[in-house]
Structures are given as structure tokens and as C-alpha cells.
Amino acid sequence: MKLMGTPKLRNLATSGTDEMSGAVAALCAELVAIDWKSPGDVVRQYPRAHVDGVSVRIQIGDAHCVDLIVNYRAGIILIEQAGAAGESTAARAPQGSKAA
């Protein structure tokens with residue numbers, strides 16, 4: 001899929017440890033290679049993700065996360081936020097589930 005907002009991922013990668021940098025690089029590579037068509041695809045690939053329609057939160061370690069907005073039809077992912085898990089104010093569905 002096409003990624004937008006990647007500077008937020010780069011900022012997260014360079015603000016932490018080598019382990020954080022590697023985790024962010026791996027996530028970025030996975031996001032480019034995936035082809036999500038629905039929220040169910042996200043849950044299947046990332047069972048611990050919080051998914052609420054087009055909004056997706058993927059945890060990176062215990063204290064960080066990446067919040068995404070996904071346009072499934074267009075094949076575009078917008079990096080909404082990447083950083084400490086407490087920085088985002090967006091409401092999220094329970095882990096590994098889709099909101100009703």
C-alpha cells in the first residue's frame with residue numbers, strides 16, 4: 001500500500017533505541033507490502049491491533065504505537081501519529097477486534 005506521513009515514523013525511529021529503529025523499519029516495510037481490503041484483513045495480520053473502521057492502532061513494544069488512517073479502496077495508509085502510546089487521543093476498539 002502507499003504510505004503517507006512517513007516522517008512521523010522516521011521521527012519515532014530516530015528518537016529511540018536501535019531496537020525501536022529496527023521495529024519501525026520492519027513495520028514500514030510490512031505496511032508497504034500489505035494489501036488490506038477491509039478492517040478484517042488488518043485484524044488477521046495484526047491480531048493485537050486496535051481497529052475501528054478506517055482507524056488502526058498498532059503497538060510497538062509496551063510504550064509506543066502507530067496510529068493509522070486506512071483508505072482500503074485506494075490502497076493508502078496515512079500515518080496519523082507515531083510515538084508514545086499516551087500521545088493519541090483517538091478512541092480505539094478493543095485489541096484484535098473491529099468496532100461495531
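Keep in mind that what you see is a predicted model, and the values were worked out from it rather than measured.
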> Can you check whether E80's main-chain N or O pairs, donor with acceptor, with K8's side chain at less than 3.5 Å?
Replying inline: yes

> Just how far is it from atom CG of L27 to atom CG of L3, taken to the nearest 0.5 Å?
Replying inline: 8.5 Å

> Can you find a heavy atom in the side chain of L68 that is under 4.5 Å from one in the side chain of L78?
Replying inline: no

> Between Q59 (side chain) and A49 (backbone), is there a donor-acceptor pair under 3.5 Å?
Replying inline: no

> Would you call I34 and I77 a side-chain contact if the rule is heavy atoms closer than 4.5 Å?
Replying inline: yes

> Which pair of heavy atoms, one from L12 and one from G83, lies closest together, and at what distance?
Replying inline: CD1-CA, 3.9 Å

>> To the closest 0.5 Å, what do you measure between NZ (K2) and CD1 (I76)?
In response: 6.0 Å

>> For a quick test of reading the model, state the closest non-hydrogen atom pair linking P39 to G53 and the distance between them.
In response: CG-O, 3.6 Å

>> Could you report the tightest heavy-atom contact between V24 and L9, atom names first, then the distance?
In response: CG1-O, 3.4 Å

>> If you count heavy atoms of other groups shown closer than 6.0 angstrom to CE of M4, is the number above 12?
In response: no

> Which pairs with one or both residues in residues 10-34 pass side-chain hydrogen bond (donor to acceptor under 3.5 Å, both in side chains), sequence neighbours excluded?
Replying inline: E30-Y46

> Which atom names give the shortest non-hydrogen contact between Q45 and W36, and what distance separates them?
Replying inline: OE1-NE1, 3.2 Å

> Side-chain contact, heavy-atom cut-off 4.5 Å: C65 with I60?
Replying inline: no

>> Quick check: closest heavy atoms across A84 and H64, and the distance to 0.1 Å?
In response: N-CD2, 3.7 Å

>> Rounded at 0.5 Å granularity, tell me how far NE2 in H50 sits from CG in D67.
In response: 9.5 Å

> What's the shortest heavy-atom distance between D35 and D41, and which atoms?
Replying inline: O-OD2, 4.1 Å

